[in-house]
Amino acid sequence: DTEVTQTPKHLVMGMTNKKSLKCEQHMGHRAMYWYKQKAKKPPELMFVYSYEKLSINESVPSRFSPECPNSSLLNLHLHALQPEDSALYLCASSQERGSLGRGTEAFFGQGTRLTVV
Amino acid sequence: SQQGEEDPQALSIQEGENATMNCSYKTSINNLQWYRQNSGRGLVHLILIRSNEREKHSGRLRVTLDTSKKSSSLLITASRAADTASYFCATPYTGANSKLTFGKGITLSVRP
């Protein structure tokens, strides 16, 4: 199974809502990533988890709160978002944090299309 | 910050023609990867080329790497309408803290 599954596929939320995005992989990967992608732009890295510990936070506002409950799951908790946070949120995984540099690929989910109203 | 910069930004060709996309990067790399994205959905890995390789093939894909010029090219031969997508080059930073950084991307349209 080389799949990264993200739920939900679409999410509309108000600025006062709290919601969560979920990501799951069963490839035994120990690094998981959250990316944000605006229309016609490349994905931008938000967070990296390595062995269930947060290893990189790319100065993301605290209204985004990541969580890695176990090696297969990655959540992104959303609270008090702004309309400019509307984007495609992509989850990805790789064998481990250093494996991309050594020549392995990242596997991406299909993303969650988030609209903040 | 973006590591890779692709050109052209948009490319429109007829089915059956070849499509060539270029990518330049700034820092030293161990490998360079190309990904494809259909209609704003997930990215799919296409091909990886290591820094000690100059050329690599996979089906209708051919990728080249010139580390002296810090550039790579992706050639799709005999294009099909189904190749219509956005294509990104991506470079992982070396070392334990590796993370993928994507270029701006190229939008390829293949006309039937």
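Note on naming: letters A, B, ... go to the chains in the order of the sequence lines (proteins, then strands), and numbering restarts at 1 for each one. Remember, it's a predicted structure, so these values are computed and weren't measured experimentally.
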> B/Arg50 versus chain A, heavy atoms under 4.5 Å apart: side chain, backbone, both or neither?
Replying inline: side chain
> By a 4.5 Å heavy-atom criterion (distance strictly below it), what part of B/Leu48 contacts chain A: side chain, backbone, both, or neither?
Replying inline: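 The answer is the side chain of B/Leu48.
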Which atoms of [X] are under 4.5 Å from chain B, going by heavy atoms: the side chain, the backbone, both sets, or neither?
X: A/Gln6; result: neither
X: A/Ser50; result: neither
X: A/Tyr35; result: side chain

Within the 3.5 Å criterion, strictly below it, is a donor on [X] or [Y] matched to an acceptor on the partner's side chain?
X: B/Tyr25; Y: B/Thr101; result: no
X: B/Ser51; Y: B/Thr67; result: no
X: A/Ser93; Y: A/His29; result: yes

>> Among A/Ala106, A/Gly111, A/Gly109, which residue has the highest count of heavy-atom pairs closer than 4.5 Å to chain B?
In response: A/Ala106
> Name the one of A/Asn75, A/Leu11, A/Leu90, A/Leu74 that satisfies side chain to side chain contact (heavy atoms under 4.5 Å, CB included) with A/Leu21?
Replying inline: A/Leu11
> Which atom names give the shortest non-hydrogen contact between A/Lys38 and A/Ser86, and what distance separates them?
Replying inline: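 A/Lys38 and A/Ser86 have their closest heavy atoms at NZ-O, 2.9 Å.
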